[in-house]
2 protein chains.
Amino acid sequence: MQVITHIYMTDKKEKILKSALELFANEGVNATSTSKIAKIAGVSEGLIFRHFNNKKGLLNSIIESAEEKANDLFADILKQKDAKSVIKKTIDLPFLIKKSEYDYWKLQFKLKWEEEYNNPKKMQPLIEKLTWAFLELNYEKPSLEAQHLIQTFESISTEILKGNFSNQNEFKQFLKHKYSV
Amino acid sequence: MQVITHIYMTDKKEKILKSALELFANEGVNATSTSKIAKIAGVSEGLIFRHFNNKKGLLNSIIESAEEKANDLFADILKQKDAKSVIKKTIDLPFLIKKSEYDYWKLQFKLKWEEEYNNPKKMQPLIEKLTWAFLELNYEKPSLEAQHLIQTFESISTEILKGNFSNQNEFKQFLKHKYSV
DNA sequence: TATATATGTGAGTAATCACTTGCAAATATA
DNA sequence: TATATTTGCAAGTGATTACTCACATATATA
């Protein structure tokens, strides 16, 4: 057994989650069979269903922890008291994603194309915080500026996760200069 | 038989392509079985393989015509002689996508997450044209500006295709004002 | 008209799918 | 220690998968 935050989880259950995440993120949920997950995880296929009931239950379990990771990242921005810090940290956000967490984000971005899992409201707190920041800084259209910066954030994240973003630092500086932060 | 541009295509072949496009775009390639395509198209399953050899051949055939549609849209921008027109038309681009062609674009955007079908070079001509335009207008960092506008274009397209973009016109005006076009 | 080719069907195929079941071993609790 | 519960596996299940094949009909060409 191993301690995850404060919940105990068996090693094999963890291995299933880890293998499923990797396969779901890189090959797609539908293209990943439960037998393949079991094989990669080194467990019997039946164990997947013992722990997660069905394939969807496994996916939901992964999505849950992925959303936790997303909220952790947003939390830091939401608690900022300084308008410029909010914008600065939003620009930094996509460049801070750890390689070890790429699969979590890949899966989330991919699933946004599945109606069932696309929830644009998840960005709402960040949009509101940015709107406040742009208002504070006397931008003409604060909410549209917020919308635009979120779009930029999503595009940058997408490019990074797909592995085609060569001039990351240069572009980050460019953006910070644009917003004077 | 029916005439498509200058190539003859049987009605049933067309129906297969149409049904497959709809299903691939909305439910995903892996989640769409050839039997379901045949059922929706009102043909025998075997006919799919007669015309396209295998499922991948069918997908490739759809992708080909999707890329043609994309190139048609880009072509108009690439031939512009005026820098401001280039930027203006790029901003207009995502808002010009016809509802009847949503499925083509949905499929293209979804497939960008599959390594095999992700080809960032496809945007290169547009990036270069925009870089030229921003240089012409004396922007400090033309190529980064181009990269940024393309990102905005991709984000807007994505939001429109996912159906969560309520303030389209307002946002379009906002962008045009930002770039003074 | 005769014949070759293209278009179409329906009934197959083996492989794989998500999932179940019966039973054993490990662990927690009394 | 005795017993209940959890964790685990191997061998299944029927349904569905992408794809093939034999055969028929429609169309193009000689």
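A note on names: the letters A, B, ... follow the listed sequences, proteins ahead of strands, and every chain is numbered from 1. Just so it is clear, the model here is predicted, and its values are computed rather than measured.
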Practice task
With sequence neighbours excluded, give me every salt bridge (charged side-chain N to carboxylate O under 4.0 Å, His left out) pair touching residues 24-53 of chain B.
Solution key: B/Glu27-B/Lys36
Practice task
Apply side-chain hydrogen bond (donor to acceptor under 3.5 Å, both in side chains) to B/His148 and list each qualifying residue two or more places apart in sequence or on a separate chain.
Solution key: A/Thr152
Exercise for the section: Please list all pairs passing the ring pair (Phe, Tyr, Trp, His ring centres under 6.0 Å) test where one or both residues lie in residues 47-71 of chain A, with sequence neighbours left out. Expected result: none
Exercise for the section: Write down the distance between CD (A/Glu14) and P (D/dG8), rounded to a whole number of angstrom. Expected result: 11 Å
Practice task
Using side-chain hydrogen bond (donor to acceptor under 3.5 Å, both in side chains) as the criterion, list what pairs up with B/Asn30, not counting sequence neighbours.
Solution key: none
Problem - Where at least one partner belongs to residues 60-72 of chain B, residue pairs that pass salt bridge (charged side-chain N to carboxylate O under 4.0 Å, His left out), sequence neighbours excluded - result: B/Glu67-B/Lys122, B/Lys69-B/Glu101
Practice task
For B/Ile48 and C/dT9, give me the distance from atom CD1 to atom C1', rounded to whole Å.
Solution key: 13 Å
Fill in the blank from the handout: Residues of residues 16-38 of chain A with a heavy atom under 4.0 Å from any atom of DNA chain D, listed by number, are none
Handout entry: Non-neighbouring partners of B/Asn71 that pass side-chain hydrogen bond (donor to acceptor under 3.5 Å, both in side chains), sequence neighbours left out
Key = none
Handout entry: Any residue meeting ring pair (Phe, Tyr, Trp, His ring centres under 6.0 Å) with B/Tyr104, in chain and number order, not counting sequence neighbours
Key = none
Fill in the blank from the handout: Picking from C/dA18, D/dC9, D/dC19, the nucleotide nearest the side-chain atoms of A/Glu45 would be C/dA18
Handout entry: Atom-to-atom span, CZ of A/Arg50 to C1' of D/dT5 - whole angstrom
Key = 11 Å
Problem - More than 12 heavy atoms of other groups within 6.0 Å of B/Lys18 NZ - result: no
Exercise for the section: Mind listing the residues from residues 51-62 of chain B sitting with a heavy atom below 4.0 Å of DNA chain C? Number order is fine. Expected result: B/His51
Fill in the blank from the handout: Dot-bracket for DNA chain D, 5' to 3', Watson-Crick and G-U pairs with both distances under 3.5 Å, [ ] for crossing pairs, | for partner on another strand, reads ||||||||||||||||||||||||||||||
Would you be so kind as to tabulate the donor-acceptor pairs closer than 3.5 Å made by side chains of residues 131-141 of chain A, with sequence neighbours excluded?
{"from": "A/Thr131", "atom 1": "OG1", "to": "A/Ile127", "atom 2": "O", "distance (Å)": "2.7"}

Handout entry: Side chains of A/Phe95 and A/Asn169 in contact at under 4.5 Å (non-hydrogen atoms)
Key = no
Practice task
Rounded off to whole Å, could you give me the CG-to-C1' distance for the A/Asp11 and D/dC9 pair?
Solution key: 17 Å
Exercise for the section: Return the value, rounded to whole Å, for the distance between atom CG of A/Leu47 and atom P of C/dA26. Expected result: 15 Å
Practice task
Looking at every strand, decide which applies to A/Lys13 at a 4.0 Å heavy-atom threshold: base, sugar-phosphate, or nothing.
Solution key: nothing
Practice task
Could you pull out all residues at least two apart from B/Phe174 that satisfy ring pair (Phe, Tyr, Trp, His ring centres under 6.0 Å)?
Solution key: B/Phe171
Exercise for the section: Would you indicate which nucleotide in C/dT7, C/dA18, D/dC19 comes nearest to any side-chain atom of A/Phe49? Expected result: C/dA18
